[in-house]
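From a predicted model like this one, the values you see are computed outputs, not experimental measurements. Chain letters run A, B, ... following the sequence lines, proteins first, then strands; residues in each count from 1.
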Number of protein chains: 2
Amino acid sequence: MSDFKDFIGSDKGPQCPRIYILALSDTLNAISGKWKLPIIAALLRGVNRFKDLLDATEKITPRMLSKELKELEMNSIVERKVYNQTPVLIEYRLTKSGKDIANVIDSMIDWGMVHRTQAITKTDV
Amino acid sequence: MSDFKDFIGSDKGPQCPRIYILALSDTLNAISGKWKLPIIAALLRGVNRFKDLLDATEKITPRMLSKELKELEMNSIVERKVYNQTPVLIEYRLTKSGKDIANVIDSMIDWGMVHRTQAITKTDV
DNA sequence: ATGTTCGATATACAAAAGTATACTGATATT
DNA sequence: AATATCAGTATACTTTTGTATATCGAACAT
């Protein structure tokens, strides 16, 4: 298990390996932006078709959904399957990696919950 | 411990509590953007002064550093201490919450490492 | 022939995020 | 008087991200 703190916790300690930095920015890119997490959440719930994702992801436009799905596919987080029926059926599914992002999401929720409790003076609710 | 999967893993299961969604977006906002993580990393290493953060964070401009530090301070991730010496000394330090973000970073590195191994065809290195 | 569904794309625009470059004011040093 | 340091700010710009609205093409259904 990587431990970021061990690498950057002291001035003279070992430098954080470059591969960790790359892994970190991969992850940040994978979930950054307005729509990535809502889409991943819908996919985790079992929503798999373009139309259904449009409905499940409130206020997203088809342009953005198309763009985000392409990015997720390029990043091997989502796979796109085409079934040659009529009308054509296309399914988007999370890959193993895609499903595993739930672990990152959990740690983010944990931090956010504790942080909200600690920062009691926060104004935005 | 929160478990996102438990809430969004099934069609008929309970909805993900709104507070979890808020906690999640708090966390995402706290670390999103080009400079937040590099700045937090420098602070974790013990770099505390504006000038030193400028040097430690490659290519950042004073305008961006100032802006980001203000945001981190508003989010109770960083605290700013003024020492009335001459010349004036100002120190930025991570709060407890700020230090705890290392846990999120670790889980992001973990995911990123495994994902890089799995997505062997990735072109960007 | 006209309309409907699915899975999108096209064009134009607005807003947010980030960059480049120069400058400020207070104090101290030479 | 000129110069340097610290901690920023000011102004103008470019790039990236997101929105709004309309439309496309294939395959049916009526």
Next item on the list: Show your working on side-chain contact (heavy atoms from CB on, under 4.5 Å) between Leu53(A) and Leu43(A) and close with a plain yes or no.
Entry: CA-CA 8 Å; Leu53(A) 287 166; Leu43(A) 290 166; 4.1 Å; yes

Do you know which two heavy atoms are closest between [X] and [Y], and how far apart they sit?
X	Y	answer
Ile21(B)	Cys16(B)	CD1-SG, 3.9 Å
Ala42(A)	Ala56(A)	CB-CB, 4.2 Å
Ala30(B)	Ile101(B)	CB-CD1, 4.5 Å
Ala102(B)	Leu44(B)	CB-CD1, 4.5 Å

Notebook entry, point to check: Under 3.5 Å, is there a donor-acceptor pair between the side chain of Ser66(A) and the main chain of Arg63(A)?
Noted result: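 No.
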
Margin query: Measure CG/Leu54(A) against C1'/dT5(C) and give the value in whole Å, please.
Written below: 13 Å

Notebook entry, point to check: Asp52(A) has an atom CG; how far is it from atom C1' of dC6(C), in whole Å?
Noted result: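 My rounded result for the distance is 11 Å.
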
Measure the shortest side-chain to side-chain distance between [X] and [Y] over non-hydrogen atoms and say whether it is less than 4.5 angstrom.
X	Y	result
Asn48(B)	Asp52(B)	no
Arg116(A)	Met113(A)	no
Phe50(A)	Leu65(A)	yes
Ile60(A)	Leu54(A)	yes

Checklist line | Protein-to-nucleotide contact annotation, 5' to 3' order, nucleotides 9-17 of chain C [B base; S sugar-phosphate only; - none; under 4.0 Å, heavy atom] | finding: B-BB-----

Margin query: Can you pull out the residues from residues 78-89 of chain A that lie within a 4.0 Å heavy-atom distance of DNA chain C?
Written below: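 Listed by number, they are Arg80(A), Val88(A), Leu89(A).
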
Check: residues 31-41 of chain B side-chain donor-acceptor pairs under 3.5 Å, at least two apart:
| residue | atom | partner | partner atom | Å |
| --- | --- | --- | --- | --- |
| Ser32(B) | OG | Leu28(B) | O | 2.8 |
| Lys36(B) | NZ | Glu71(B) | OE1 | 3.0 |

Next item on the list: Note down the inter-axis angle between the two ends of the helix from dA1(C)-dT30(D) to dT30(C)-dA1(D), five pairs each, to the nearest 10°.
Entry: 30°

Only pairs under 3.5 Å count here: list side-chain donor-acceptor contacts from residues 82-98 of chain A, not counting sequence neighbours, and write none if there are none.
| residue | atom | partner | partner atom | Å |
| --- | --- | --- | --- | --- |
| Tyr83(A) | OH | Glu91(A) | OE1 | 3.4 |
| Glu91(A) | OE1 | Arg93(A) | NE | 3.3 |
| Glu91(A) | OE1 | Arg93(A) | NH2 | 3.1 |
| Tyr92(A) | OH | Arg80(A) | NE | 3.2 |
| Thr95(A) | OG1 | Ser76(A) | O | 2.8 |
| Thr95(A) | OG1 | Ile77(A) | O | 3.3 |
| Thr95(A) | OG1 | Ser97(A) | N | 3.4 |
| Thr95(A) | OG1 | Gly98(A) | N | 3.1 |
| Lys96(A) | NZ | Asp100(A) | OD2 | 2.9 |
| Ser97(A) | OG | His115(B) | ND1 | 2.8 |
| Ser97(A) | OG | Gln118(B) | OE1 | 2.7 |

Item checked: Along DNA chain D, first and last positions that approach a heavy atom of chain B under 4.0 Å -> dC6(D) to dA12(D)

Next item on the list: Please lay out, stage by stage, how Leu69(B) and Glu73(B) fare under the test side-chain contact (heavy atoms from CB on, under 4.5 Å).
Entry: CA-CA 6 Å; Leu69(B) 284 171; Glu73(B) 202 192 342; over 6 Å; no

